[in-house]
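What follows is a single structure, written as structure tokens, with notes after it.
As a basis for the values below, the full set of heavy atoms in this structure was taken, side chains included, without hydrogen atoms, waters or symmetry mates. It should be emphasised that the depicted structure is a prediction, and the values quoted were computed from it without experimental measurement.
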Amino acid sequence: MGALLICGKTIQAQQKKAQYDFSLLRQNDQVRIPRETSKSVYQKLKDLPLGEKSRISFGGSYRFQTEGFINEQFSSAVDQNDVWFLNRFQLHSHLKVGNQLEVFAELNSSVIGSKQNLSPVDKDELSVNQFFIRYHFNNRWSALIGRENMRLGSGRLVDIREGPNVRLSFDMVKLDYTDPNTELSAFYAVPVQPESGIFDNAALDFDTESLAGLYWTQTWHSAMRTDAYLLYKDEKNKTWNAGTADDQRVSLGFRHFGSWKELSYNNEFVFQTGSFGDQNISAWTASFNVELPSKLFGENAVVGIKTEAISGDTDASDNRLNTFDGLYPRGAYFGRVARIGPSNLFDVHPYIDTFVGPLSLEVDYVAFWRLSRQDGVYGPPLNLQYPAVNEQRFIGHQLGTIVGLEMNAFVNLELETNVIFPGDFLKDSGLGDTLFHAVFTAELKF
């Protein structure tokens with residue numbers, strides 16, 4: 001940890017005239033280095049000319065996390081000894097040839113220590129996280145082919161899965177159109193199924209699942225934007241509370257976001273249709289999020305509330321499936337505790353965010369209910385966590401805090417804690433013990 005902080009401070013001391021805006025997707029980094037001044041070795045790696053019209057840059061990140069639970073499955077009878085340590089290294093290069101051609105490559109190494117029961121998103125010793133070629137036909141049209149992390153809109157249905165140790169990648173082809181007010185994307189993508197070894201992730205695994213889509217973002221004026229989209233997912237042997245079968249569904253979505261006076265809003269509606277085995281799909285979700293600035297908790301504080309209704313199956317014996325599929329949502333949908341996912345759910349989620357210099361604080365509370373008593377409770381990867389074994393609706397209360405410290409442009413520290421108090425549904429399922437969770441994160445970007 002000390003070496004990480006020293007490294008970040010050393011880089012910062014050398015780069016006072018340069019500006020670094022590191023993005024979540026590193027291909028979107030905004031790095032500005034004055035070309036008329038002498039450059040350090042680090043600055044040369046960030047902006048290295050190759051002839052008159054081509055440039056290449058190098059960078060990466062290291063993320064360390066330590067995470068632990070008490071009563072991870074709401075039961076004190078389960079082994080309580082797991083505290084694990086996660087390390088994720090990423091290195092990338094970005095080649096730009098004139099104004100037309102880009103080549104981006106990123107290697108990933110995600111390893112974990114001390115955890116006994118690994119999930120697929122915990123460990124991937126060495127893999128190609130991203131490798132794609134993008135060709136710009138002009139200043140509006142471009143095409144991409146290769147492997148990429150993908151985030152659509154708010155990340156509600158398709159996100160890069162930043163919370164877990166292994167990010168989500170897609171092998172894909174994509175066509176993009178962009179002008180000052182309009183963004184359009186059409187794509188066909190195959191999600192990469194992570195394996196734990198070295199370069200053992202299969203490419204173009206059509207036998208498991210695929211995703212195709214059209215996504216349109218429109219800026220109507222400076223304070224109002226909309227997203228409209230159509231996504232088609234084909235997944236083999238999907239398990240819901242109603243059973244296991246091939247799931248082929250279309251998602252039609254609309255998002256309305258922006259601001260009105262001091263109020264910020266982000267609302268989204270999705271309807272799904274298709275087939276699940278011999279059943280027809282009819283599922284939906286509606287999400288509302290509003291924020292207001294507040295001086296009660298600091299000059300830069302906001303108070304917000306989220307609420308969403310997400311359909312669940314109403315009758316497992318009929319020929320209609322009502323369980324909503326969140327597709328590829330954030331791995332930490334309601335925090336890194338990652339116990340509840342976006343299917344068969346109603347939740348109310350008030351929160352407070354405040355900032356004091358480089359220090360940030362978020363406090364939030366979530367109350368969860370099953371929307372349908374006939375469907376179970378799902379995890380963030382949309383696996384059936386707790387089957388529908390009783391008639392209770394209330395799942396539980398969750399109280400969380402996140403304290404963050406931005407040391408500089410390169411180093412960030414964060415401590416997240418969560419407590420979940422089981423409700424009647426979990427208690428009547430034999431899971432009545434309070435869950436405690438904490439995770440500390442230190443990340444260096446360069």
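Pairing each heavy atom of Arg373 with each of Ala388, the nearest pair is O-CB, 4.0 Å. Contact between Val389 and Ser429 at its shortest, heavy atoms only, is CG2-OG, 3.4 Å. What you find for Asp313 and Ser372 is that their closest heavy atoms are O-OG, 2.6 Å. When all heavy atoms are compared, the tightest approach of Asn165 to Val111 is ND2-O, 3.2 Å. Contact detail for Asn344 and Gly376: the closest heavy-atom pair is ND2-O, 2.9 Å. In this structure, Ser343 and Tyr378 approach most closely via the heavy-atom pair CB-CD1, 3.6 Å.
Exactly one of Arg330, Arg88, Arg336 qualifies for a salt bridge (Lys or Arg N to Asp or Glu O under 4.0 Å) with Glu162. That residue is Arg88.
Ring centers of Phe425 and Phe394: at least 6.0 Å apart, outside the cut-off. Within the 6.0 Å centre-distance limit, the rings of Phe346 and Trp369 are counted as a close aromatic pair. The aromatic ring centroids of Phe170 and Tyr328 lie less than 6.0 Å from each other. Taking the centre of each ring, Tyr365 and His397 come in below the 6.0 Å mark. In this structure, the ring of His92 has its center less than 6.0 angstrom from the ring center of Phe104. For Phe269 and Phe288, the distance between ring centers is under 6.0 angstrom.
For the atom pair CZ of Phe131 and CG of Leu107, the computed distance is 10.5 Å after rounding to the nearest 0.5 Å. Between atom CG of residue Asp375 and atom CG of residue Leu321 there is a gap of 7.5 Å, rounded to the nearest 0.5 Å. Here the CG-CD distance, from Leu25 to Gln130, works out to 6.0 Å after rounding to the nearest 0.5 Å. Expressed to the nearest 0.5 Å, how far CG of Asp171 lies from OG of Ser210 amounts to 12.0 Å. Within the model, atoms CG of Asp122 and CH2 of Trp84 stand 8.0 Å from one another, a figure rounded to the nearest 0.5 Å. Interatomic distance, Tyr232 OH to Leu214 CG, rounded to the nearest 0.5 Å: 14.0 Å.
Ion pairing between a basic and an acidic side chain is recognised when a charged N comes within 4.0 Å of a carboxylate O; Arg249 and Asp247 show such pairing. We find that Glu308 and Lys306 are not joined by a salt bridge, their nearest charged nitrogen and carboxylate oxygen being 4.0 Å or further apart. Checked for salt-bridge contact, Lys238 and Asp246 miss the test: no charged N lies under 4.0 Å from a carboxylate O. The residues Glu67 and Lys115 are annotated as not salt-bridged, no charged nitrogen and carboxylate oxygen being separated by less than 4.0 angstrom. Look at Asp29 and Arg26 and you find a salt bridge, because one of the NZ, NE, NH1 or NH2 atoms lies within 4.0 Å of a carboxylate O, short of that distance.
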**Study point:** Steps toward side chain to side chain contact (heavy atoms under 4.5 Å, CB included) verdict (Arg255, Asn267)
**Key:** CA-CA 6 Å; Arg255 176 178 171 229; Asn267 306 318; over 6 Å; no
**Study point:** Chi angles and distances behind the side chain to side chain contact (heavy atoms under 4.5 Å, CB included) call for Phe187, Leu144
**Key:** CA-CA 9 Å; Phe187 62 88; Leu144 177 148; over 6 Å; no
Exercise for review: Take Glu183 and Arg140, measure what salt bridge (Lys or Arg N to Asp or Glu O under 4.0 Å) needs, and give me the verdict at the end.
Suggested key: CA-CA 9 Å; Glu183 298 175 28; Arg140 295 191 176 185; over 6 Å; no
Exercise for review: Start with the C-alpha gap between Lys233 and Asp325, add the side-chain angles, then the distance that decides, and say whether salt bridge (Lys or Arg N to Asp or Glu O under 4.0 Å) holds.
Suggested key: CA-CA 10 Å; Lys233 182 184 179 184; Asp325 186 350; 3.5 Å; yes
Practice item. Starting from the C-alpha separation in whole Å, work towards a yes-or-no answer on side chain to side chain donor-acceptor pair (under 3.5 Å) for Gln392 and Asp428. Key: CA-CA 8 Å; Gln392 302 294 340; Asp428 284 9; 3.3 Å; yes
Check your understanding: How far apart are the C-alpha atoms of Glu106 and Asn129, what are their side-chain angles, what is the distance that settles it, and do they pass the side chain to side chain donor-acceptor pair (under 3.5 Å) test?
Key -> CA-CA 6 Å; Glu106 185 174 55; Asn129 180 52; 2.7 Å; yes
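Scanning for salt bridge (Lys or Arg N to Asp or Glu O under 4.0 Å) contacts around Arg161 gives an empty result, with sequence neighbours left out. Take Asp47 and apply the salt bridge (Lys or Arg N to Asp or Glu O under 4.0 Å) test, not counting sequence neighbours, and it matches Arg35, Lys39, Arg55. Evaluation of the salt bridge (Lys or Arg N to Asp or Glu O under 4.0 Å) rule for Lys53 yields no partner, not counting sequence neighbours. Asp200 is linked by a salt bridge (Lys or Arg N to Asp or Glu O under 4.0 Å) to nothing, counting only residues two or more places apart in sequence or in another chain. In terms of the side chain to side chain donor-acceptor pair (under 3.5 Å) criterion, Asn280 has no residue partners (sequence neighbours excluded).
Between Leu345 and Leu371 the shortest side-chain heavy-atom distance does not fall below 4.5 Å. When side chains are defined from C-beta on, Gln398 counts as touching Asn418, because their heavy atoms get closer than 4.5 Å. Proximity of Val121 to Leu168: side-chain heavy atoms (C-beta onward) are nowhere separated by under 4.5 Å. Here the side chains of Lys123 and Val166 are not in contact, with every heavy-atom distance at 4.5 Å or above. Contact annotation: the side chain of Glu148 approaches that of Lys174 to within less than 4.5 Å [non-hydrogen atoms, C-beta and beyond].
The aromatic rings of Phe410 and Tyr42 sit perpendicular to each other, their planes meeting at more than 60°, with 30° as the lower class boundary.
Checked by atom type, the side-chain pair Tyr351/Glu362 shows no donor-acceptor distance below 3.5 Å. Between the side chains of Glu102 and His136, at least one donor N or O lies within less than 3.5 Å of an accepting N or O. Looking at Asn319 and Gln279, their side chains never bring a donor and an acceptor atom within 3.5 Å of each other. Side-chain atoms of Tyr333 and Arg156 form a donor-acceptor pair, as typed in the model, at a separation below 3.5 Å. A side-chain N or O of Ser169 and one of Asn149 form a donor-acceptor pair less than 3.5 Å apart. No side-chain donor-acceptor contact under 3.5 Å links Asp433 and Ser75. At a cut-off of 3.5 Å, with distance as the only test, a side-chain donor of Glu268 or Ser154 sits close to an acceptor on the other residue. In the model, Asn322 has a side-chain atom that pairs as donor or acceptor with a side-chain atom of Thr314 under 3.5 Å. A side-chain donor-acceptor contact under 3.5 Å links Asn108 and Ser110.
Checked by atom type and distance alone, the side chain of Thr239 never pairs as donor or acceptor with a backbone atom of Thr244 at under 3.5 Å. Ser311 places no side-chain N or O within 3.5 Å of a backbone atom of Thr323 that could act as its donor or acceptor partner.
Counting only residues at least two apart or on different chains, the ring-ring contact (aromatic ring centres under 6.0 Å, His included) pairs with a member in residues 188-216 are Tyr215-Tyr229.
A 6.0 Å sphere centred on CG of Asn99 holds no more than 12 heavy atoms belonging to other residues, nucleotides or ligands.
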